[in-house]
Amino acid sequence: MKHLLKLGDLTPQEITDILNLADQLKYEKAHGFASQPLKGKTLGMIFQKSSTRTRVSFEVGMYELGGYALFLSNRDLQIGRGEPVQDTARVLSRYLDGIMIRTFEQKEVEDLAKYGSIPIINGLTDYAHPCQVLADLMTIREHKKTLKGLKLCFIGDGNNMANSLIVGGIKMGMKVAIACPDNYQPDAEIMKWARENGDFTCTSDVMEAAKGADAIYTDVWASMGQEGEAAERRKAFEGVYQVNDEVMAVANAGCMVMHCLPAHRGEEITDSVFEAHANEIFDEAENRLHAQKAVLVKLMKG
Ligand code: CP
Ligand code: NVA
């Protein structure tokens, strides 16, 4: 594994290895004997979109591993004024040991990897959010003790989260069911791959997708960059694509509720369901730190 551009590039064994190392790093931190395998290493973090969790967990993660992280905002970098990604990649490769990038187009992340000579980590694109899903899988495994055979249901927009959950879930032997409006389905190629490689369904019927679920996941109706479509999207999702008590009633007993955050209470999830499952949702947020530390060690430890 040279980069983390999307989960489709990883084998099930590589995902399992990351989850195992993440569990170990979490245990070591809790017991006060953490080592510093990235001493002297630097990670550049390019942000073309806002972030709370990704920025803080990567920065703290590098610090805890003995390394250093630089926050590089698009507003300040020359890339924001049009310097080609091919040149940025080659320049930054001379200074840094790794780059985490959050941007719009998946191609930009792939190009950084193509032209640079250091590990590249996708910190969210319009297409994928692999770091989030590694933390999600870690959290489900932590709570349920297994992944294989569990039903993962995603309710909402067929966005970057849906795409990465489908790939991560299917690779780990989960059943994946998506409920979304017909015009807001996940990536067509990802869905084709999922149907050919596992137990995958996509429906507009929320109850059908949620029935017998072991984990129900949701995300905002309008992602970063889609603010202009918010009103139109609200019409397509409101009143139907929401995790609420009625939806939870058809899931399995002990069904987890997950959200990558930030959440819009009263839209994709009710306040009462969110608060009843806050423990799972904030374990999930915490696990971003541990899962990403595992990724950083796998990619950047000499
Ligand atoms: N879930 C997630 O990636 O959060 P941020 O946008 O705050 O980084
Ligand atoms: N789908 C959301 C995820 C945020 C972590 C977005 O892209 O804005």
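This is a predicted model, so every value here is computed, not measured. Note that ligands are numbered from 1 as they come in the structure, with each ligand's atoms numbered from 1 the same way. Starting from 1, each residue takes its place in the sequence as its number.
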Taking only heavy atoms of His129 into account, list the atoms of ligand 1 that are under 4.0 Å away from them.
2 (C), 3 (O)
Using heavy atoms and a threshold below 4.0 Å, how should the contact between Asp126 and ligand 2 be classified: side chain, backbone, both, or neither?
neither
Provide, to 0.1 Å, the distance between atom 2 (C) of ligand 1 and the closest protein heavy atom, together with that atom's residue and name.
Arg288 NH1, 3.2 Å
Is there any N or O on Cys260 that sits under 3.5 Å from an N or O of ligand 1?
yes
Would one find an N or O of Lys49, backbone or side chain, under 3.5 Å from an N or O of ligand 2?
no
Count the heavy atoms of every other residue, nucleotide or ligand shown that sit under 6.0 Å from NZ of Lys192, and state whether that count exceeds 12.
no
Within the 3.5 Å criterion, strictly below it, is a donor on Gln36 or Glu64 matched to an acceptor on the partner's side chain?
no
Identify the closest protein heavy atom to atom 4 (C) of ligand 2: which residue and atom is it, and at what distance?
Leu124 CD1, 3.9 Å
Those atoms of ligand 1 less than 4.0 Å from some heavy atom in Leu261:
1 (N), 2 (C), 4 (O)
Under 6.0 Å from the CD atom of Glu105, do we count more than 12 heavy atoms belonging to anything else shown?
no
Just going by heavy-atom distances, which of Arg53, Lys49, Arg102 is nearest to atom 6 (O) of ligand 1?
Arg102
Yes or no on salt bridge (Lys or Arg N to Asp or Glu O under 4.0 Å) for Asp9 and Lys6, after CA distance, side-chain angles and deciding distance?
CA-CA 6 Å; Asp9 299 336; Lys6 57 185 190 300; 2.8 Å; yes
For Leu261 and ligand 2, answer yes if some heavy atom of the residue is under 4.0 Å from a ligand atom, otherwise no.
yes
Do any nitrogen or oxygen atoms of Met161 come within less than 3.5 Å of a nitrogen or oxygen of ligand 2?
no
Not counting sequence neighbours, which residues clear salt bridge (charged side-chain N to carboxylate O under 4.0 Å, His left out) with Glu238? List them please.
Arg234
Got an N/O contact under 3.5 Å between Ser223 and ligand 2?
yes
Report yes if Asn160 has an N/O atom closer than 3.5 Å to an N/O atom of ligand 2; otherwise report no.
yes
What one should report as the nearest heavy-atom pair of Phe237 and Asp157 is CE2-N, 3.4 Å
When you measure from atom 8 (O) of ligand 2 to every protein heavy atom, which one gives the shortest distance, and what is it?
Met224 N, 2.8 Å
Could you check whether Glu142 and Asn287, counting side-chain N and O atoms only, form a donor-acceptor pair closer than 3.5 Å?
yes
Closest protein heavy atom to atom 3 (C) of ligand 2, given as residue, atom name and distance to 0.1 Å
Asp219 OD2, 3.6 Å
For the residue pair Lys175 and Phe200, would you count it as a cation-pi contact if the rule is NZ or CZ under 6.0 angstrom from the ring centre and within 45 degrees of the ring axis?
no
Ignoring hydrogens and geometry beyond distance, is a side-chain donor-acceptor pair present between Asn74 and Arg102 at under 3.5 Å?
no
Atom 7 (O) of ligand 1 [closest protein heavy-atom partner, distance rounded to 0.1 Å]:
Thr52 N, 2.6 Å
For Glu227, is the CD atom crowded, meaning more than 12 foreign heavy atoms sit under 6.0 Å from it?
yes
